[in-house]
Every structure is written in structure tokens, then in C-alpha cells.
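First comes the structure, then the notes that go with it.
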Number of protein chains: 2
Amino acid sequence: MSAQTTTRGNDADLAENANGAQRLHTTELANEIEFLTARARSLGSGRANNMLAELDLKVRSYSVLSLACSGQNPSQRELADFLSLDPSQIVALVDQLEQRGAVARETDPRDRRSKVIVATTAGRNLYKRAEAIVRRSEDQSLSTLSLQERETLRDLLKRIAF
Amino acid sequence: MSAQTTTRGNDADLAENANGAQRLHTTELANEIEFLTARARSLGSGRANNMLAELDLKVRSYSVLSLACSGQNPSQRELADFLSLDPSQIVALVDQLEQRGAVARETDPRDRRSKVIVATTAGRNLYKRAEAIVRRSEDQSLSTLSLQERETLRDLLKRIAF
DNA sequence: TCAATACTGTTGACTTTTTCAATGATATAC
DNA sequence: GTATATCATTGAAAAAGTCAACAGTATTGA
């Protein structure tokens with residue numbers, strides 16, 4: 001696949017002409033939490049997108065579907081806030097999911113401006129399959145961490161994400 | 001700024017008409033490490049970008065500048081691999097930094113295809129200021145975590161990011 | 001030595017994502 | 001009741017990501 005030239009120490013001379021980029025691991029940047037977070041999410045969502053393609057979903061649409069299945073009846077505004085997306089992006093995502101019959105828009109009777117996104121039966125079935133895929137993807141992405149370490153990571157991230 | 005309607009419990013009735021999206025915190029999605037990572041990086045890089053704007057930098061260009069200052073003499077290919085970017089994006093980023101006199105391209109005498117990116121004196125000064133800003137930004141983004149927790153987070157992320 | 005193959009940076013086209021302003025319908029505040 | 005604010009939506013523009021092709025250079029192997 002990618003340039004996995006992990007032939008460390010291929011010769012006796014110093015790291016001057018190192019072929020991989022492993023030497024950048026000692027860099028200041030490589031120790032910044034912001035950078036590590038960005039790289040982790042890039043790798044993770046990349047893998048998840050690849051695996052979700054089988055269901056014609058991406059991480060984005062999966063997230064919307066997931067919240068539609070949550071029983072919390074989120075409005076589009078809430079989805080936008082929660083997913084850190086522009087409201088207009090939510091429109092497009094919900095459009096797609098609605099067109100394939102996975103979710104429906106229901107006007108909130110208490111605020112007729114607001115539309116609540118709910119999953120259909122087909123949507124819940126789709127979510128079940130997607131969820132299994134995402135779990136597998138996450139499991140692969142976190143393969144170097146023990147279960148307890150994953151819990152720790154989850155808790156720490158939760159505190160900075162909310 | 002944003003909708004900071006944190007008027008929790010503004011009325012006695014139940015969370016049915018909750019105004020924030022706090023109700024979504026209990027969702028399955030809100031507990032997925034992938035999602036939390038994405039949200040954390042969105043918040044973090046958003047803040048960093050805002051603060052770096054004062055130096056006419058973004059997280060991207062800051063990252064390239066940082067590696068150029070690392071003393072590791074990265075090639076553009078290495079930058080692309082390390083930053084998970086397409087080589088053509090590196091071209092644009094280096095172009096910008098080169099045009100403002102922060103970095104220079106030096107043809108690697110050992111491989112004349114490859115160009116090594118090194119920081120100029122002005123580039124190193126710029127990096128010093130940018131680094132301080134990024135540190136402040138990171139400090140704000142991680143304000144809910146103790147120093148030890150930050151170390152834990154850094155180590156866990158490092159293991160899944162490389 | 002020479003030819004085939006592979007890699008580097010670069011350009012350009014194309015798609016996707018992001019960002020932002022404007023709008024109609026509805027709700028809230030004064 | 002009138003002004004103001006909010007929601008979903010549209011559309012446009014900017015930024016970011018993806019991909020194929022190219023010239024120059026290196027590597028490989030006959």
C-alpha cells in the first residue's frame with residue numbers, strides 16, 4: 001500500500017538519509033496533542049469510510065443516522081451543533097438519508113419551524129449493520145490499546161469534546 | 001457568539017423541549033471514540049486556526065513550518081506522509097511559506113529529485129511566535145484535564161496515530 | 001552499458017467539503 | 001402587534017481533498 005519502507009538501519013551510516021519518516025516522530029509537532037488528535041481522526045475516519053462504503057454510507061451520514069436512531073428525536077439544528085457542521089450540510093445529509101428511506105423529517109408540533117429527524121424501520125436496520133462495521137473499524141484503529149486504555153481514552157476525549 | 005443557551009432547567013417541565021443538545025450526550029454516538037476524536041480535533045483546530053490567524057497562519061501551514069524548524073530536514077514526500085496530505089497539497093503549502101520567506105527548498109544532493117524543506121531565520125522567528133500561540137490554544141482546549149491526564153492522553157493518541 | 005521501472009515534485013482538472021449570506025415561515029420579546 | 005430572533009433551506013463562493021499525467025532523476029537487472 002503506502003510507502004512502508006520500514007527497513008530501519010538498512011546501512012551503517014547515520015540517519016541522515018533515512019528513507020521513512022519515522023525520524024519525524026521525535027519532532028515537537030509529533031508530540032502536540034492537537035496534531036495527534038488530527039492524525040488519529042484522519043486515520044480512523046479514513047478506515048471507517050472505506051469500510052462503510054459497502055453500505056453506501058460515510059462517517060457523516062452514519063452519524064446522522066445514528067442520532068436519528070437514538071430515540072432522542074434531534075432537530076436539524078441540534079444535529080448541526082452536535083456534529084460541528086453547518087446547518088446547510090445537515091440539510092444535504094438528511095436529504096440523502098431521506099431519499100433512500102432511512103429517515104424522515106417530522107415537523108415539531110411545539111415549534112413548527114423545527115424538523116425532528118427520526119429513523120424508519122429500514123433506517124434502523126441499516127444502522128444495525130453500519131454499527132457493526134463501525135465497531136469493527138474502531139476495533140482495528142485501536143488495536144494497539146487494551147480495553148482499559150480505550151476506556152481511559154474515551155473518558156479523556158469526552159471531557160475535552162463537550 | 002454561538003448559541004450558548006445553557007439555561008438549563010429554565011422551566012420545570014421535563015427535558016422534552018430541551019433547548020441545548022446536551023440530551024444527545026447520552027447517545028451511542030457520543031461514546032464512540034472515533035466521534036469524540038473528530039469532535040475534539042474540530043474544536044481544537046478551530047480554536048487554533050482562529051488564534052493563528054493573527055500570524056496569517058493556519059494549523060496546516062504551522063505544521064509544515066514546525067517540521068521545517070525541526071532540524072530533521074524533511075522532504076516534501078515525508079511531509080505528505082507525516083501530515084496525511086496529498087503531495088500536491090504540500091506543494092501549495094510550501095509555496096506560501098516560501099513566498100513569505102519562512103522556508104526554502106533545497107535540492108537534496110543525494111537524491112536530486114527530492115527537495116528538503118528548511119526554515120529561514122525569519123521562519124524560525126515566526127515559528128517561535130506561532131508555537132506560543134498554539135501552546136496557549138492547546139492549553140485552553142485541554143483546560144478540563146490535569147497535566148498528568150494530558151500526558152496520558154498524549155501517549156494513548158501517539159500509539160494509535162503511528 | 002543500457003533499457004525498463006519506480007519515485008519526486010509539480011501542474012491541472014475535478015469532486016467534495018466548508019463557509020457564508022439571504023430568504024420564507026414561524027416563534028419570542030417588548 | 002410590531003420588532004427581533006430562530007429554523008430549515010437555497011445558492012454561491014472558497015477551501016480542501018482526490019486523481020491522473022509529466023519531466024527529471026534514481027534504481028534495477030539484463
Side-chain angles (χ1 to χ4, degrees), chain A residues 1-5 7 10-11 17 19-21 38 41-43 45-46 49-50 53 57-61 63-64 73-98 103-117, chain B residues 1-5 7 10-11 17-21 38 41-43 45-46 49-50 53 56-61 63-64 73-98 103-117:
Chain A
M1 299 283 151
S2 28
Q4 185 72 11
T5 28
T7 43
N10 59 344
D11 215 338
N17 66 346
N19 39 11
R41 95 99 208 191
S42 173
L43 293 174
S45 72
N49 275 331
N50 282 342
L57 283 174
K58 296 189 178 182
V59 171
R60 283 287 161 79
S61 35
S63 300
V64 171
N73 291 348
S75 73
Q76 295 190 191
R77 157 60 63 180
E78 288 173 320
L79 292 177
D81 289 346
F82 200 64
L83 299 176
S84 313
L85 294 176
D86 190 85
S88 61
Q89 294 178 276
I90 301 293
V91 171
L93 288 166
V94 172
D95 278 351
Q96 289 171 225
L97 289 173
E98 192 178 39
V103 306
R105 284 181 234 244
E106 292 182 359
T107 309
D108 185 345
R110 273 177 302 253
D111 184 346
R112 301 179 39 76
R113 292 171 302 181
S114 175
K115 300 198 181 154
V116 163
I117 307 305
Chain B
M1 297 286 152
S2 32
Q4 184 73 11
T5 29
T7 44
N10 59 344
D11 214 340
N17 67 345
N19 38 12
R41 97 96 208 195
S42 174
L43 293 173
S45 73
N49 275 331
N50 282 343
D56 211 354
L57 284 175
K58 298 189 178 182
V59 171
R60 282 288 160 78
S61 35
S63 299
V64 171
N73 291 349
S75 72
Q76 295 189 191
R77 157 60 62 179
E78 289 174 320
L79 291 177
D81 288 346
F82 199 64
L83 299 176
S84 314
L85 293 177
D86 190 86
S88 62
Q89 294 178 278
I90 302 293
V91 171
L93 287 166
V94 172
D95 278 352
Q96 287 170 226
L97 289 172
E98 191 179 39
V103 307
R105 284 181 235 241
E106 292 182 358
T107 309
D108 184 345
R110 271 176 302 252
D111 183 346
R112 300 177 40 76
R113 292 171 303 181
S114 175
K115 300 198 182 156
V116 162
I117 308 304

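Each chain gets a letter, A, B and so on, in the order its sequence line appears, and its residues count up from 1.
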Heavy atoms only: give me the nearest [X]-[Y] pair and the separation to one decimal.
X        : Y        : result
B/Asn73  : B/Glu78  : O-OE1, 4.1 Å
B/Val103 : B/Val94  : CG2-O, 4.2 Å
A/Val91  : A/Arg105 : O-NH2, 4.0 Å
A/Leu83  : A/Ser63  : CD2-CB, 3.9 Å
B/Arg77  : B/Pro87  : NH2-CG, 4.1 Å
B/Pro109 : B/Arg112 : O-CG, 4.2 Å

Task: B/Arg113 side-chain proximity, nearest of D/dC7, D/dT10, D/dA26 - done: D/dA26

Task: Overall bend - the helix from C/dT1-D/dA30 to C/dC30-D/dG1, comparing terminal axes fitted on five pairs, nearest 10 degrees - done: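 Between the axes fitted at each end of the helix from C/dT1-D/dA30 to C/dC30-D/dG1 lies an angle of 30°.
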
Nearest-0.5 Å distance, [atom1] of residue [X] to [atom2] of residue [Y]:
X        : Y       : atom1 : atom2 : result
A/Lys58  : A/Asn50 : NZ    : CG    : 10.5 Å
A/Ser75  : A/Ile90 : OG    : CD1   : 9.5 Å
A/Asp108 : A/Gln76 : CG    : CD    : 12.0 Å

Open item on the list: For B/Asp111 and A/Leu85, find the nucleotide of DNA chain C closest to each by heavy atoms; which residue's nucleotide sits nearer the 5' end?
Closed with: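 The residue mapped nearer the 5' terminus is B/Asp111.
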
Open item on the list: Reading DNA chain C from 5' to 3', where do the contacts with chain A start and stop? Cut-off is 4.0 Å to heavy atoms.
Closed with: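 Terminal contacting nucleotides, 5' to 3': C/dT16 to C/dA27.
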
Open item on the list: Show, in sequence, the C-alpha distance, side-chain angles and deciding distance for B/Arg60 and B/Leu85, and conclude whether the side-chain contact (heavy atoms from CB on, under 4.5 Å) test is met.
Closed with: CA-CA 10 Å; B/Arg60 282 288 160 78; B/Leu85 293 177; 3.5 Å; yes

Mind calculating the distance between [atom1] ([X]) and [atom2] ([N]) to the nearest angstrom?
X        : N      : atom1 : atom2 : answer
A/Leu93  : D/dT10 : CG    : P     : 14 Å
A/Arg112 : D/dT9  : CZ    : P     : 14 Å
A/Asp86  : D/dA8  : CG    : C1'   : 11 Å
A/Asp95  : D/dT10 : CG    : P     : 6 Å
A/Arg77  : D/dC7  : CZ    : P     : 5 Å
B/Gln76  : D/dT25 : CD    : P     : 16 Å
A/Asn50  : D/dT18 : CG    : P     : 10 Å

TODO: Indicate, yes or no, whether a donor-acceptor pair under 3.5 Å links the base of D/dC19 to the side chain of B/Ser88.
DONE: yes

Open item on the list: Can a donor-acceptor pair be found, under 3.5 Å and without considering hydrogens, that links the side chain of A/Ser45 to the backbone of A/Arg41?
Closed with: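 The answer is yes, because a donor-acceptor pair under 3.5 Å joins these two groups.
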
Using atom names, set out every protein N or O paired with an N or O of nucleotides 14-16 of chain D below 3.5 Å, distance rounded to 0.1 Å.
none

